[in-house]
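Shown next, in C-alpha cells, is the structure this report addresses.
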Amino acid sequence: MRRGVLRAGLLVAAASSLGVQRPPGLADVETVRHWSYPNYTRIVVELTRNTETAVRRLPANRGARLPERLYFDLPGVWVGRDYPEPIPVADGLLRRVRVGQNTLTHTRIVLDLERYERHRLLHLSGPPRVVIDVFGERARMSGTLRDEDDEARRPLPPELRPVQHVVVDPGHGGRDPGAIGIGGLREKDVTLDVSRRLRSRLGARGFRVTLTREDDRSLDLEERTALAEGAGGDVFVSVHANAATRRGVQGIEIYTLDEDAQRQTLRLAARENGVRPREVNPLQRLLARLRVSEASARSSLLATLVNREIAAGMGKRWPSARDPALKKGPFYVLYLSSMPSILVEVGFLTHREEARRLRDPHYLDALAEEIADGLAGYRGRFVPVVAGRSP
C-alpha cells in the first residue's frame, strides 16, 4: 500500500514536470476530517460531487513495517498534491489517514489501523461526502494508562448505565436557516429557543445537558453527532420545526429512525438532511443494512414517553398538541448517533396560529417542560443493576 501511495505521488510529480494537465471533469476533495468517539473513530471525506466506493482491508506486513490497513478509492476525484503528509489521528484505534492521487482519475484514502473489529461505510449528500466509521477496542497508549484505567474508560452497556446526560441538538443554524415560516419566522431561531428552555428544565431535574450549539452558528451533521458522542451523552434529542405547502397543516411530530417512510416523511427527511427527496431512497437501502441495536427499541420508548407527556400536559390548552404524532423516518442526524435518539418537530412555521405560538414564551416553556418530563420518565425506566442486589 505504501508503494501505491508513493507511486501516486510520483505520478502527479511526473505529470506536473511534463506539463500534463489535470484531466477535465473531475471532482475535488474539499476536506478530510476525523473524530474519535468512545467505541469508534469517524473519518469524513467531503467532496464536490457524489461518488461511490467500497472499502478493502489489508493485513499487516511486518517485513515492510506496514500496519493493518483499510483503503478505498474515489473514482473521478482529484486531490493532486494537496495532502503531501499523512493526517495524524493516533487515538489508539487509527494511527493516521493517508490521501494520495492513485491514478490521474482516482484518489485513494488509506487508514493505518492500530486496532480493528469492523467498519461502516456511508455515502451522504448535501454536501457530498464519504463517511467511514472504524469500530474496535482502543489500544492502551504506552506509559499513559494503567489497565484499570482502561477498564474505567470503557462505556458501560446500556442496561448498566444510568440515564443522566442529555445532548440537545438545535437544528440548523448559521448560514442554514432551515424552514422559513409566516412573518419570516426561521426554524434555526425556534430550535435554539426551545433547546435553551429544555436545557433549563432538564437541569432542574438533575440531568447533565449539552447543547450542540449555543448560538447562531453553522454545524454539519457529523459535527453535531461528534459533539454528542464526544460529550458521552446517554440520550440525543434533535429539535426541529416543520413546514408544509398547505397552510392548514399543524401539530407536533416526534420521529425515531427507520428505513421505511411515507412520501411526506421522505420530503421532510430530505429537507432536514439537506438533500433532494430522490436522494433519500438510496439512504433507505443503506439504513436497511445497518446494524439494529438496543438503542432502536430505547429510542421508540423515549419517543412514546415524550409523546405521552406532551399530549397530557399541553393538549387541553392547545388543541394541536392534543395528539402529537409518532413517526419514523430516515434522518441522518439520528442514524449518525449511537445512543437512543429522537427528533422532535415542535410545530409548523407555515400555520398561522402555530407560528404565533412558536413565538410565545409561555407556549415554548410548556413544551420544554413536557419534553423534560418525558425524559425524566424515560430515566426512571432504567435503574442500573448493582452486582449482588436484586432490583
Side-chain angles (χ1 to χ4, degrees), residues 163 165-173 178-179 181-216 235-244 247-256 268 272 299 301-327 340-381:
V163 179
H165 189 176
V166 180
V167 179
V168 180
D169 173 45
H172 306 279
I182 291 174
L185 185 60
R186 301 180 300 185
E187 182 177 3
K188 68 174 184 177
D189 299 327
V190 172
T191 61
L192 184 58
D193 194 355
V194 172
S195 297
R196 286 170 171 167
R197 296 171 192 272
L198 178 56
R199 174 176 58 185
S200 175
R201 271 68 184 177
L202 289 170
R205 289 164 173 79
F207 286 98
R208 180 183 170 199
V209 185
T210 297
L211 263 59
T212 59
R213 67 179 178 96
E214 299 273 355
D215 50 24
D216 184 21
V235 173
F236 184 80
V237 179
S238 190
V239 180
H240 288 261
N242 222 326
R247 294 296 179 94
V249 179
Q250 62 177 318
I252 298 169
E253 298 175 340
I254 303 170
Y255 286 87
T256 53
L268 173 62
E272 304 295 15
S299 296
L301 174 62
L302 173 60
T304 298
L305 294 174
V306 170
N307 177 283
R308 184 182 303 167
E309 292 297 334
I310 291 174
M314 300 181 65
K316 293 181 180 179
R317 184 173 176 186
W318 295 286
S320 65
R322 183 177 300 147
D323 188 23
L326 280 173
K327 296 185 177 182
S341 306
I342 61 172
L343 185 146
V344 182
E345 296 279 352
V346 297
F348 280 79
L349 305 174
T350 47
H351 184 275
R352 186 167 300 279
E353 179 60 23
E354 205 150 74
R356 184 189 65 78
R357 287 200 296 268
L358 289 172
R359 289 186 171 94
D360 180 359
H362 299 293
Y363 179 83
L364 298 180
D365 281 342
L367 180 59
E369 191 79 19
E370 302 309 332
I371 296 174
D373 278 346
L375 284 159
Y378 174 83
R379 176 178 59 185
R381 297 291 185 97

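All values derive from a computational prediction rather than experimental measurement.
Of the N and O atoms on the side chains of H240 and E345, not one donor lies less than 3.5 Å from an acceptor on the other residue. Donor-acceptor pairing under 3.5 Å is lacking for the side chains of T191 and R196.
Inter-residue side-chain proximity for N242 and E253 is flagged as met; some heavy-atom pair is nearer than 4.5 Å. H351 is not listed as a side-chain neighbour of R357, based on a closest heavy-atom distance of 4.5 Å or more. Two residues are said to be in side-chain contact when any heavy atoms from C-beta on lie closer than 4.5 Å; I254 and L343 fail this criterion. Between I252 and V346, every side-chain heavy-atom pair lies at or beyond the 4.5 Å cut-off. Using a 4.5 Å heavy-atom threshold, the side chains of V306 and I342 count as touching. Within the 4.5 Å cutoff, side-chain heavy atoms of L302 are placed close to those of V235. At a threshold of 4.5 Å between non-hydrogen side-chain atoms, the residues V239 and P170 do not count as touching.
Atom CG of L358 is separated from atom CD of E353 by 10.0 Å, given to the nearest 0.5 angstrom. Atom CZ of F236 sits about 4.0 Å away from atom CG of D169, to the nearest 0.5 Å. Considering CZ of R213 and NE2 of H172, their distance stands at 9.0 Å, rounded to 0.5 Å. Note: K188 NZ to D216 CG = 3.5 Å, rounded to the nearest 0.5 Å. How far CD1 of I371 is from CZ of R197: 12.0 Å, rounded to the nearest 0.5 Å. Note that the CZ atom of R322 and the CD1 atom of I310 stand 15.0 Å from one another [nearest 0.5 Å].
The shortest non-hydrogen separation linking L305 to G377 is CD1-C, 3.9 Å. The nearest pair of heavy atoms linking M314 to A321 is CB-CB, 3.9 Å. The minimum heavy-atom distance between A372 and L198, with the atom names listed, is N-CD1, 3.8 Å. When all heavy atoms of Y378 and P340 are compared, the pair lying nearest together is OH-CG, 3.5 Å. The two residues I182 and R247 come nearest to each other via the heavy atoms CG1-NH1, 3.7 Å. The minimum heavy-atom distance between F207 and L375, with the atom names listed, is CZ-O, 3.7 Å.
Ion pair R186/D189 flagged as a salt bridge, since at least one NZ, NE, NH1 or NH2 atom sits closer than 4.0 Å to an Asp/Glu carboxylate oxygen.
In this structure, E187 contributes its side chain and A179 its backbone to a donor-acceptor pair below 3.5 Å. Under the 3.5 Å distance criterion, the side-chain polar atoms of E354 are matched with a main-chain donor or acceptor of G251. With hydrogens and angles disregarded, no donor-acceptor distance shorter than 3.5 Å links the side chain of S299 to the backbone of T256.
Exactly one of R308, R205, R201 qualifies for a side chain to side chain donor-acceptor pair (under 3.5 Å) with D373. That residue is R205.
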What do the steps show when you test V168 against L202 for side chain to side chain contact (heavy atoms under 4.5 Å, CB included), and what is the final call? CA-CA 10 Å; V168 180; L202 289 170; 4.2 Å; yes
Show your reasoning for whether salt bridge (charged side-chain N to carboxylate O under 4.0 Å, His left out) applies to E214 and R199. CA-CA 11 Å; E214 299 273 355; R199 174 176 58 185; 2.7 Å; yes
